[in-house]
Student: 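Below you'll find the structure I mean.
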Amino acid sequence: MSVALNPLQPALPAASGTPLSYLVGQDGEGHWVAVETGGRAGGIFRSRQDAIRYACLESGCRPDAVRMAAGPIPFRLS
């Protein structure tokens with residue numbers, strides 16, 4: 001499932017010049033998370049909507065930049 005909202009401002013590309021993309025879903029404990037596919041950014045959110053909003057804004061709301069996970073997303077704070 002792709003999510004697209006109206007962008008407020010374009011996101012900056014990653015250091016490699018590749019635009020950011022995010023995976024949104026729940027971790028093994030049921031928390032909503034959004035994780036940048038390269039592992040450079042992410043967070044834990046109160047709701048699915050909050051996680052999607054964050055991922056969309058961070059990725060510049062490009063079509064197909066935010067995907068929903070089919071299963072649990074491993075999330076680790078470091």
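Position 1 is the first residue of the sequence; numbering continues from there. Reckoned from all heavy atoms, side chains included, excluding hydrogens, waters and symmetry mates.
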Student: List the atom of Ala55, the atom of Ser59, and the distance in Å for their closest heavy-atom pair.
Tutor: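 That would be O-OG, 2.8 Å.
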Student: Answer yes or no: is there a donor N or O on one side and an acceptor on the other, between the side chain of Glu29 and the main chain of His31, under 3.5 Å?
Tutor: no
Student: Would you say Arg67 and Thr37 make side-chain contact, with heavy atoms under 4.5 Å?
Tutor: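 Side-chain contact under 4.5 Å: yes.
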Student: Taking the side chain as every heavy atom from C-beta outward, state whether Arg48 and Gln26 have any pair of such atoms under 4.5 Å apart.
Tutor: no
Student: Measure the shortest side-chain to side-chain distance between Val66 and Glu58 over non-hydrogen atoms and say whether it is less than 4.5 angstrom.
Tutor: no
Student: Evaluate the ring planes of Tyr22 and Tyr54, with Trp represented by its six-membered ring, and classify them as parallel (under 30°), tilted (30 to 60°) or perpendicular (over 60°).
Tutor: perpendicular
Student: Of all the heavy-atom pairs spanning Val24 and Trp32, show the shortest one and how long it is.
Tutor: CG1-CE3, 4.4 Å
Student: List the atom of Leu57, the atom of Cys61, and the distance in Å for their closest heavy-atom pair.
Tutor: N-SG, 4.1 Å
Student: Any side-chain heavy atom of Ile44 sitting closer than 4.5 Å to one from Phe75?
Tutor: yes
Student: I'd like to check Arg62 versus Ser21 (side-chain heavy atoms, cut-off strictly below 4.5 Å). Are they in contact?
Tutor: yes
Student: Taking all heavy atoms of Ala51 and all of Ala34, pick out the closest pair and write down the distance.
Tutor: O-CB, 3.8 Å
Student: Within the structure provided, determine whether Arg40 and Leu20 are in side-chain contact (heavy-atom separation under 4.5 Å).
Tutor: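 Answer yes - side chains close enough.
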